[in-house]
Protein chains: 2
Amino acid sequence: MKNRIITISRQFGSGGRTVGKETAAKLGIPCYDHELIDKIAEESGFAKEYIAERGEYASHGGWLASAFSDRDFYGRSNQDYLWSVQRKVILELAEKESCVIVGRCADYILKDTADCLTAFIHADMTKRAERIVRQYGEGTDTPEKRLKDKDKRRAAYYQFYTDRKWGEMQNYHIALDSGVLGIEKCAEILTSLY
Amino acid sequence: MKNRIITISRQFGSGGRTVGKETAAKLGIPCYDHELIDKIAEESGFAKEYIAERGEYASHGGWLASAFSDRDFYGRSNQDYLWSVQRKVILELAEKESCVIVGRCADYILKDTADCLTAFIHADMTKRAERIVRQYGEGTDTPEKRLKDKDKRRAAYYQFYTDRKWGEMQNYHIALDSGVLGIEKCAEILTSLY
């Protein structure tokens, strides 16, 4: 039997990760989020912190530049190497078992290879700001600035490696506003679609 | 009790209208689509064909120009007058009863005034092309050209009157790919969210 995968892309602070966890729990299948970082660390030799940051976000300032410099003997940047490992790990997971995968361009990586339901979770700025302050506390920047910054870097990373625009509804089978519908309802809907 | 409204925006050929009809039938509430045109015709004195075309689509060539010309004593174009009647009819409907409303910028018109679930239905070009040929037959233009043309005109109209971008997922509580999920499943999900 072919494995069935749900990929969850999400705006920062939308609770997309929790939607993923709850959906997976309801379906009795694993959810890969932080667990994915462990696997990529094991395979690549990079530190987990580096992967968490560089495997999904364009970093401040130097990222696009570094994607073109610091290349190894084969002409690959660290960033490109990390992308290739991430891609391999995600493809192997999808081959191995049915699961939920949060973030990391899994929607794009699996688009032609797996029986995949692609979801996007979003919410308005106010709801997301409340959520990140509740979850991560106050920061030196306003929550709005932190949200915009993360989204912008996620979008830049996604666009660079996939050549598609991040958060464009055409790329997803379903897009849900978790701020209005609620996390639990989002997980219910995804479960019912599986 | 406050009325509850579902608005359905849709790409041409996505089956969004059918999703609306089926959702309304399941919920036992009316669905306004063509019925809306009748009401607007009654109220405005315009012919139904004119409303069907001009109340949602920017027409070929002259529309944006005509939105600024042909103005009456009060400085309104036909187009602006039609918009104001359409707006009034939709607001009155939402005041009167719970219902499903398809198209006509109802999502925008009702955004601050009604207990509203806003949905967007889309599908990929191939699926939509098949659908319009099945429903409306072959035309002189290719189905792809007809789809692109309709979407473009709908987007231009929406943007002109709402100042928002048509089909941007942030503006909708839920967006569904009817080509992958199927019409019936889309209607089921909307029903479950009501």
Side-chain angles (χ1 to χ4, degrees), chain A residues 4-16 19 23 107 110-112 114-128 147-148 151 155 158 164-194, chain B residues 4-16 19 23 107 110-112 114-128 147-148 151 155 158 164-194:
Chain A
R4 303 177 68 198
I5 317 291
I6 298 179
T7 66
I8 300 201
S9 312
R10 75 291 182 217
Q11 287 184 323
F12 186 59
S14 68
V19 172
T23 305
D107 57 317
L110 296 177
K111 73 182 163 53
D112 303 318
D115 187 3
C116 211
L117 176 73
T118 58
F120 193 97
I121 310 295
H122 59 97
D124 75 14
M125 195 52 98
T126 317
K127 289 269 171 49
R128 294 197 286 142
L147 288 168
K148 276 187 188 150
D151 282 345
Y158 187 86
R164 307 204 294 194
K165 224 180 137 200
W166 185 70
E168 211 152 62
M169 74 164 71
Q170 280 81 343
N171 296 332
Y172 304 96
H173 301 144
I174 181 165
L176 298 167
D177 183 334
S178 61
V180 171
L181 305 175
I183 303 274
E184 183 54 32
K185 194 72 203 173
C186 290
E188 262 173 42
I189 294 172
L190 295 185
T191 307
S192 83
L193 285 174
Y194 193 68
Chain B
R4 303 178 68 197
I5 317 291
I6 298 178
T7 66
I8 300 201
S9 311
R10 75 291 181 219
Q11 288 184 326
F12 185 60
S14 68
V19 172
T23 305
D107 56 319
L110 297 176
K111 74 183 162 54
D112 303 316
D115 186 4
C116 211
L117 175 74
T118 57
F120 193 97
I121 310 294
H122 59 96
D124 76 14
M125 196 51 100
T126 317
K127 289 269 170 49
R128 295 197 286 141
L147 288 169
K148 275 187 187 150
D151 282 345
Y158 186 86
R164 305 204 295 194
K165 224 181 137 198
W166 185 70
E168 211 152 62
M169 74 164 72
Q170 280 80 342
N171 296 334
Y172 304 95
H173 301 145
I174 182 164
L176 297 168
D177 182 335
S178 61
V180 171
L181 305 174
I183 304 275
E184 183 56 32
K185 193 74 204 174
C186 291
E188 261 174 43
I189 293 172
L190 296 184
T191 307
S192 82
L193 285 174
Y194 192 68

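Each chain gets a letter, A, B and so on, in the order the sequences are listed, and its residues count up from 1.
If you take CG on A/Leu193 and CG on B/Leu176, they are separated by 8.0 Å, rounding to the nearest 0.5 Å. Between the OG atom of A/Ser192 and the CD atom of B/Glu188 there is a distance of 7.5 Å, given to the nearest 0.5 Å. Between atom CD of residue B/Gln170 and atom CD of residue A/Gln11 there is a gap of 5.0 Å, rounded to the nearest 0.5 Å.
Residues B/Met169 and A/Glu168 share a closest heavy-atom pair of CE-C, 4.0 Å. Of all the heavy atoms in A/His122 and B/Tyr172, the pair that sits closest is CE1-O, 3.3 Å.
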What verdict does the side chain to side chain contact (heavy atoms under 4.5 Å, CB included) test give for B/Leu117 and A/Leu181, after you've listed the backbone C-alpha separation in whole Å, the side-chain angles of each residue and the deciding distance to 0.1 Å? CA-CA 9 Å; B/Leu117 175 74; A/Leu181 305 175; 3.9 Å; yes
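Contact of A/Ile189 with chain B is made through the side chain alone, with heavy-atom distances under 4.5 Å.
Across A/Asp124, A/Ile174, A/Thr118, the residue that shares the most heavy-atom pairs under 4.5 angstrom with chain B is A/Ile174.
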